Amino acid sequence: DEKMPLFSKSHRNPAEIVKNLKDNMVILEKQDKKTDKASEEVSKSLQAMKEILCGTNDKEPPTEVVAQLAQELYNSGLLVTLIADLQLIDFEGKKDVTQIFNNILRRQIGTRSPTVEYISAHPHILFMLLKGYEAPQIALRCGIMLRECIRHEPLAKIVLFSDQFRDFFKYVELSTFDIASDAFATFKDLLTRHKVLVADFLEQNYDTIFEDYEKLLLSENYVTKRQSLKLLGELILDRHNFAIMTKYISRPENLKLMMNLLRDKSPNIQFEAFHVFKVFVASPHKTQPIVEILLKNQPKLIEFLSSFQKERTDDEQFTDEKNYLIKQIRDLKKTAP
């Protein structure tokens, strides 16, 4: 067979590659004296699998071979094993698993995405990836795979509406900077990618989510605090989230928090807080408690905003918004109860 000189005899077809990989993963799990040999075999099999999926050089992989490989991966449960045992696989192998996983996830037959269907039926795959944030050696790899999953709305929905979603609030506060940032990227993706789904999720879970979210806004970690504040501004200004914005800006404790953050020691935090604060002030339908707080602080707020971040002279929109808010606050009147 001249066509595929790539594979040694044992690696010729998908079924053999999958079986070889599965057998060697079992040996690898035992972590005994045979581990080294098994580890080498696992690397070779992953390499062979990656070549089938991604093709080599300029050759597109033949569709029927890819289909066979995908089917073997689902049927054998190997897709699950590779993620469950990701820590046992060497560095290059971890990269290969990520590539194989993401590649097979994008696979479509007509309008169907078989791997999305497979993961929907085995959702613990998603939760293993999420829990990967707790294991530094695999956290970033799991993040890459999880974000690829989230691109597909049915999978994003499973994660959002799960009890495990709340673990993000813990992961974005992890002390390892790159892991915390990666977790935040995934968290942000989940809350912004599928607009209608997210609005529905936030409306149904408003109280628990925003209670957790407030802790991020008070975080000791500057990066978390700034990113969370910026994301909050994005969320409440998105037209899909109108109902959530309306609820958020009706609550006096949220306004008080933003007024405190306007005076944060970091100018960047102040600036992001300003973009949330302006929504409270600009809203034509302020609730009575909001009006009362603004009135009580009326002179102080006008004075504060007049000199707020004066050095941003090149930002015309910011200056206009500031002047608009000052006018809004100045024009506030006590309404008869």
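All residue numbers in this chain count up from 1 along the given sequence. Predicted model, so just to flag it, every value in this text is computed and none were measured.
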message: Tell me whether the count of non-hydrogen atoms from other residues, nucleotides or ligands lying under 6.0 Å of CD in Gln31 goes above 12.
response: yes
- line: When rounded to the nearest 0.5 Å, the distance separating CE of Met145 from CG of Leu86 is 5.0 Å
- request: Would you kindly confirm whether Ile144 and Ile150 end up in one hydrophobic cluster when ILVMFWY residues are joined by side chain heavy atoms under 4.5 Å apart?
  value: no
message: Between the side chains of Lys225 and Asp264, is the shortest nitrogen-to-carboxylate-oxygen separation below 4.0 Å, so that they form an ion pair?
response: yes
message: Pairing donors with acceptors under 3.5 angstrom, does anything connect the side chains of Glu321 and Gln317?
response: yes
- prompt: Looking at CG of Leu129 and SG of Cys149, how far apart are the two atoms once the value is rounded to the nearest 0.5 Å?
  reply: 5.5 Å
task: Inspect the surroundings of CD in Glu220 and state if more than 12 heavy atoms from other residues, nucleotides or ligands are less than 6.0 Å away.
output: no
- prompt: Would you call the rings of Phe161 and Phe201 parallel, tilted or perpendicular, where under 30° means parallel and over 60° means perpendicular?
  reply: perpendicular
field: Side chains of Arg107 and Ser113 in contact at under 4.5 Å (non-hydrogen atoms)
entry: no
query: Does a donor on one side chain and an acceptor on the other come within less than 3.5 Å for Glu16 and Asn20?
result: no
task: To the nearest 0.5 angstrom, please state how far the CG atom of Leu216 sits from the CG atom of Leu229.
output: 10.5 Å
field: Full working for side chain to side chain contact (heavy atoms under 4.5 Å, CB included) between Leu79 and Thr115
entry: CA-CA 10 Å; Leu79 203 57; Thr115 309; 4.2 Å; yes
- request: Decide if atom CD of Gln87 counts as having more than 12 heavy atoms of other residues, nucleotides or ligands within a radius under 6.0 Å.
  value: yes
- prompt: How close do Leu190 and Phe168 get, heavy atom to heavy atom, and via which atoms?
  reply: CD1-CE1, 3.4 Å
message: Leu105 vs His152, test: side chain to side chain contact (heavy atoms under 4.5 Å, CB included). Steps then yes/no.
response: CA-CA 9 Å; Leu105 193 53; His152 303 275; 4.0 Å; yes
message: Around atom NZ of Lys195, are there more than 12 heavy atoms from other residues, nucleotides or ligands closer than 6.0 Å?
response: yes
task: Could you tell me whether Glu234 and Lys188 have a side-chain N and a carboxylate O separated by less than 4.0 Å?
output: yes
- prompt: Can any side-chain N or O of Ser43 pair as donor or acceptor with the backbone N or O of Gly93 at less than 3.5 Å?
  reply: no
message: Determine whether the aromatic ring centres of residues Phe184 and Tyr171 are separated by less than 6.0 angstrom.
response: no
query: Is the CD atom of Glu253 crowded by more than 12 outside heavy atoms at less than 6.0 Å?
result: yes
message: Just checking Phe242: does its CZ atom have more than 12 heavy atoms from other residues, nucleotides or ligands closer to it than 6.0 angstrom?
response: no
message: Would the distance check show the side chain of Glu203 and the main-chain N or O of Ala243 forming a donor-acceptor pair, the cut-off being under 3.5 Å?
response: no
message: Is there a continuous path of hydrophobic side-chain contacts, each under 4.5 Å between heavy atoms, that joins Val198 to Val196?
response: no
- prompt: Ion pair present between Asp182 and Arg147, side-chain N to carboxylate O less than 4.0 angstrom?
  reply: yes
message: Checking the side chain of Asn254 only, and the main-chain atoms of Ile249 only, is there a donor and an acceptor separated by less than 3.5 Å?
response: no
- request: Give a yes or no on whether the backbone of Leu197 and the side-chain of Lys157 come within a donor-acceptor separation of less than 3.5 Å.
  value: no
message: Tell me if a side-chain donor or acceptor on Ser283 pairs with a main-chain N or O of His285 at a distance below 3.5 Å.
response: yes
field: Ring geometry between Phe274 and Phe271 (parallel below 30°, tilted from 30 to 60°, perpendicular above 60°)
entry: parallel
query: Do the side chain of Ser219 and the main chain of Thr224 share a donor and acceptor less than 3.5 angstrom apart?
result: no
- prompt: Any donor-acceptor pair under 3.5 Å linking the side chain of Lys230 with the backbone of Glu272?
  reply: no
query: Is the shortest side-chain N to carboxylate O distance from Lys94 to Asp90 below 4.0 Å?
result: no
Stacked cation flag Lys247 on Tyr206, 6.0 angstrom / 45 deg: yes
message: If we count only N and O atoms by modelled type, under 3.5 Å, do the side chains of Arg263 and Asn260 hold a donor and an acceptor together?
response: yes
field: side-chain contact (heavy atoms from CB on, under 4.5 Å) involving Lys30 - partner list, sequence neighbours excluded
entry: Val26, Asp32
- prompt: Do Glu92 and Lys95 sit within salt-bridge range, that is, some charged N less than 4.0 Å from a carboxylate O?
  reply: yes
- request: Give the intermediate values and the outcome of side chain to side chain contact (heavy atoms under 4.5 Å, CB included) for residues Phe165 and Ile209.
  value: CA-CA 10 Å; Phe165 175 76; Ile209 294 303; 3.6 Å; yes
task: Would you check, one step at a time, whether the test side chain to side chain donor-acceptor pair (under 3.5 Å) holds for Asn268 with Tyr222?
output: CA-CA 10 Å; Asn268 288 322; Tyr222 163 75; 3.1 Å; yes
statement: Rounded to the nearest 0.5 Å, the CG atom of Leu255 sits from the CD1 atom of Ile293 at a distance of 4.5 Å
message: Taking Lys44 first and then Glu41, would you say they form a salt bridge - that is, a charged N and a carboxylate O separated by under 4.0 Å?
response: yes
query: Is there a side-chain contact between Val281 and Ile290, using heavy atoms and a 4.5 Å cut-off?
result: no
message: Counting only heavy atoms from other residues, nucleotides and ligands, does the tally under 6.0 Å from CZ of Arg112 exceed 12?
response: yes
message: What I want to find out is whether Lys131 reaches Glu134 closely enough, with some N-O distance under 4.0 Å, to be called a salt bridge.
response: yes
message: Determine whether Asp238 and Thr192 satisfy the following criterion, side chain to side chain contact (heavy atoms under 4.5 Å, CB included), listing intermediate values before the conclusion.
response: CA-CA 9 Å; Asp238 189 311; Thr192 51; over 6 Å; no
message: Taking Ile179's backbone N and O only, do any of them form a donor-acceptor pair with Thr176's side chain (distance below 3.5 Å, no angle check)?
response: no
message: More than 12 heavy atoms of other residues, nucleotides or ligands under 6.0 Å from NZ of Lys170: yes or no?
response: yes
- prompt: Is there a side-chain contact between Ile83 and Ile125, using heavy atoms and a 4.5 Å cut-off?
  reply: yes
field: Check: Phe318 main-chain N/O paired with Asp315 side-chain donor or acceptor under 3.5 Å
entry: yes
query: Applying the 4.5 Å side-chain criterion to the ILVMFWY set and letting contacts propagate, would Phe210 and Val276 be lumped into a single cluster?
result: yes
- request: Without swapping roles, check the side chain of Gln270 against the backbone of Leu261 for a donor-acceptor pair under 3.5 Å.
  value: no
query: Going only through I, L, V, M, F, W and Y residues with side-chain contacts under 4.5 Å, is there a path from Leu235 to Leu257?
result: yes
task: Classify the angle between the aromatic ring planes of Tyr213 and Phe169 as parallel (below 30°), tilted (30 to 60°) or perpendicular (above 60°).
output: perpendicular
